[in-house]
Amino acid sequence: MKTKTSTIPIRGEKWKIFFKTPPKESDGAIGFCVFDERKIYVTPDSDCLGTMIHELLHALFPQLNEESIMEAETVIMIGLSKFPNEYLLDEDGSFEL
């Protein structure tokens, strides 16, 4: 299966996101942010949204420690779980960001 990828701007620089198991240097983590290379790896599994948010936070705030990143991820995930999905739909019922 071909690896799915995406590109996202973070602080004016293009970052590449790979939806695949992170490289060996991640020590078995399900997500990995390689800041110097502007790359993020996210294992495609049932918690990949949380993993994606976690790694994006690392990219945005490299000065924060792991505990702070985990706390921010948790708050964002709780907030998203409370978000009424109907607000994401246009009047005609289609989805658009």
Side-chain angles (χ1 to χ4, degrees):
M1 176 192 260
K2 185 178 177 186
T3 299
K4 292 185 179 189
T5 63
S6 186
T7 303
I8 184 170
I10 299 175
R11 300 197 183 235
E13 296 184 310
K14 288 184 180 181
W15 281 66
K16 187 87 170 201
I17 301 170
F18 299 89
F19 294 94
K20 69 177 198 171
T21 303
K24 290 179 185 177
E25 63 263 21
S26 71
D27 291 328
I30 59 173
F32 194 54
C33 177
V34 186
F35 196 85
D36 295 342
E37 297 177 19
R38 308 298 185 252
K39 293 180 181 178
I40 292 174
Y41 295 86
V42 176
T43 300
D45 64 8
S46 61
D47 189 38
C48 64
L49 177 59
T51 303
M52 173 74 122
I53 289 169
H54 184 99
E55 299 309 325
L56 288 170
L57 288 167
H58 275 301
L60 278 168
F61 307 107
Q63 74 280 8
L64 294 181
N65 62 25
E66 189 68 14
E67 184 179 318
S68 296
I69 294 289
M70 288 173 59
E71 180 180 16
E73 173 196 347
T74 299
V75 169
I76 291 168
M77 290 298 289
I78 291 170
L80 288 174
S81 74
K82 307 280 185 200
F83 193 84
N85 287 334
E86 63 269 17
Y87 289 152
L88 295 174
L89 301 177
D90 288 341
E91 290 177 12
D92 64 358
S94 64
F95 176 81
E96 186 176 324
L97 288 177

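Since the model is a prediction, treat every value here as computed from it, not as a measurement.
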Exercise for the section: Flag yes if M70 and L80 sit in one hydrophobic cluster, no otherwise; membership is Ile, Leu, Val, Met, Phe, Trp, Tyr, and two members link when side-chain heavy atoms are under 4.5 Å apart. Expected result: no
Problem - Taking every non-hydrogen atom, the tightest pair across A29 and P22 - result: O-CG, 3.3 Å
Exercise for the section: Check whether any side-chain N or O of E73 sits under 3.5 Å from a backbone N or O of I53 as a donor-acceptor pair, and report yes or no. Expected result: no
Exercise for the section: Is it possible for you to say whether L64 and L60 belong to one hydrophobic cluster, with membership spreading through side-chain heavy-atom contacts below 4.5 Å? Expected result: yes
Practice task
Flag yes if L57 and L49 sit in one hydrophobic cluster, no otherwise; membership is Ile, Leu, Val, Met, Phe, Trp, Tyr, and two members link when side-chain heavy atoms are under 4.5 Å apart.
Solution key: yes
Handout entry: Euclidean distance, F19 CZ relative to D45 CG, rounded to 0.5 Å
Key = 11.5 Å
Fill in the blank from the handout: One should read off an interatomic distance between I17 CD1 and K4 NZ, to the nearest 0.5 angstrom, of 14.0 Å
Handout entry: Rounded distance (nearest 0.5 Å) linking atom CD1 of I10 with atom CD1 of I40
Key = 4.5 Å
Fill in the blank from the handout: Output for pair (E55 CD, I30 CD1), nearest 0.5 Å, gives 8.5 Å
Handout entry: hydrophobic_cluster_shared for L56 and V75, side chain cutoff 4.5 Å
Key = no
Practice task
Under the ring-ring contact (aromatic ring centres under 6.0 Å, His included) rule, collect the residues that match up with F18, sequence neighbours excluded.
Solution key: Y41
Fill in the blank from the handout: Residues at least two apart in sequence or cross-chain that pass side chain to side chain contact (heavy atoms under 4.5 Å, CB included) with P44, listed by chain then number, are none
Handout entry: Spatial distance of atom CG (D27) from atom CZ (F32) [nearest 0.5 Å]
Key = 8.0 Å
Completion exercise
With sequence neighbours left out, the residues meeting salt bridge (Lys or Arg N to Asp or Glu O under 4.0 Å) with E37 are K39
Problem - Interatomic spacing from NZ in K20 to OG1 in T3 - rounded to 0.5 Å - result: 4.5 Å
Exercise for the section: Give a yes or no on whether the backbone of K16 and the side-chain of R38 come within a donor-acceptor separation of less than 3.5 Å. Expected result: no
Problem - Hydrophobic cluster membership, V42 vs V34, 4.5 Å side-chain cutoff - result: no
Exercise for the section: Mark yes when over 12 heavy atoms from residues, nucleotides or ligands other than E67 sit less than 6.0 Å from its CD; otherwise mark no. Expected result: no
Handout entry: Side chain to side chain, C48 and T43, heavy atoms closer than 4.5 Å
Key = no
